[in-house]
Amino acid sequence: METADPDPRKLISVIVPVFNEEQNVERCYLAIRKEFEKLEKHYRLELFFSDNHSTDLTFDILKKIAAKDPDVRVIRLSRNFGFQKSLLTAYQNISGDAAIQIDADLQDPPSMFSSFLNEWSNGYDVVVGVRQDRPEPYLLKLARKGFYRMLRLISDDEMIDDAGDFRLVDRSIISRLKTVTDARPYTRGLISSFSIKQKGIPYKRNSRKYGKSKFPVRRLFGFAVDGIVAHSLVPLRLATWVGVITFIVTVFLLIYYLVVFLFSGGNWPPGFATQTLLLLGSLALNAILIGILGEYVGRIYEQVRARPLTIIQERINHRSDHFVFESKSNEVDK
């Protein structure tokens, strides 16, 4: 005989990836708790912190929070594996019917949760916040907009322009994320590629009040490269087409110089500067194309080694029935 579910409310896992956020984690916890007090009639909360081996007091604060609140679950990685791996590990270990991802700095407002959940109940498997404005330099804004539009253009996956990591993800996509073994995952793109029906909701992003951003321009550039390489073969095709076009131009130049030689006797100026520029240009072009190939080959090398995505050093408030994923994220024996 089937037993009735003691709590028929949907379980929502709120994922908060953290690294050195001692000034923000308690504020974030309280803000999310306060928001779910308005939603508790229909939804239960699993608040999941993924600590990417913070070196400040972040983990100690999380342990104190989790000791008082059984709905808070924490994992601590054995070292800093990078934001994308930390985030994917969190998705692979949650238990909710849906997940909402939010940063600990509260630049993305928890007040958007109800809007996300409303669209989810309308049948969307991904609901993402679309940033209408964000407090950062104009050139960086312009670069972001250009990147998102370029990625959507060259990718076969459906991408939403100006969409960040603030989003709701349905359980069907979370289940697909559990099977991912990418050595260099681009989680935002993976979610979009797995989505059947997604929707963007515009909002204005707040300024960071405490702490420093963990994403300088150098790291943002690395994310951009990961996004392009993970979701498009266009750079490889571009390298091929550049080679083809260069070959065709070379053939025409050979024919041109042969005709000139036959009719003028080859009386040309020395052209040392021209030859030097062409040589240097060719070397630079070859270096760029080899670099593109290297990005793909390097990822293939990382993939075939089949190392664990991350290593979980410690879990807090995880009962045995919440160990929902173990095969890709190894856990240190204690």
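Keep in mind that this is a model prediction, so the values were computed, not measured.
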Shortest non-hydrogen contact between D165 and Q101, atoms and distance: CB-NE2, 3.0 Å
Shortest non-hydrogen separation from V18 to A104 and the atoms involved: CG1-CB, 3.8 Å
Donor-acceptor under 3.5 Å (Q92 side chain, L177 main chain): yes
Cation-aromatic face contact R184/Y186, 6.0 Å, 45 degrees: no
Residue that, paired with N24, satisfies side-chain hydrogen bond (donor to acceptor under 3.5 Å, both in side chains) out of E26, E22, R27: R27
Ring-face cation of R76 near F59 (centre distance under 6.0 Å, axis angle within 45°): yes
Main-chain N/O of V72 paired with N317 side-chain donor or acceptor, under 3.5 Å: yes
Any F48 side-chain heavy atom under 4.5 Å of V74 side chain: no
Side chain to side chain, I311 and L77, heavy atoms closer than 4.5 Å: no
Test item: T58 side-chain N/O and E21 main-chain N/O as donor-acceptor pair under 3.5 Å: yes
Side chains of D182 and L190 in contact at under 4.5 Å (non-hydrogen atoms): yes
Expected output: side-chain E119 to main-chain Y124 donor-acceptor under 3.5 Å: no
Non-hydrogen side-chain atoms of Y203 and F166 separated by less than 4.5 Å: yes
L11 backbone acceptor or donor facing D97 side chain under 3.5 Å: yes
Spatial distance of atom CD1 (I100) from atom CZ (F36) [nearest 0.5 Å]: 5.0 Å
Flag, side chain of S195 to backbone of S192, donor-acceptor distance under 3.5 Å: no
Interatomic distance, C28 atom SG to I102 atom CD1 [nearest 0.5 angstrom]: 6.0 Å
Heavy-atom donor-acceptor pair, Q198 side chain to V127 backbone, under 3.5 Å: no
Close side-chain approach of K38 and S114, heavy atoms under 4.5 Å: no
Heavy-atom donor-acceptor pair, R171 side chain to G96 backbone, under 3.5 Å: yes
Side chain to side chain, P17 and N52, heavy atoms closer than 4.5 Å: no
Lys/Arg N to Asp/Glu carboxylate O, R205 vs D103, below 4.0 Å: yes
Any donor-acceptor N/O pair, R176 side chain to F194 backbone, under 3.5 Å: yes
Test: K197 and D125 ion pair at under 4.0 Å: no
Centroid-centroid under 6.0 Å between F49 and Y29 rings: no
Sub-4.5 Å side-chain heavy-atom contact between I15 and L47: no
Sub-4.5 Å side-chain heavy-atom contact between T181 and L309: no
Side-chain (R9) to main-chain (E40) donor-acceptor, under 3.5 angstrom: yes
Heavy-atom pair with the smallest gap, counting every atom of F116 and G129: CZ-N, 3.7 Å
Closest non-hydrogen atom pair between P185 and Q84, with its separation: O-CB, 3.2 Å
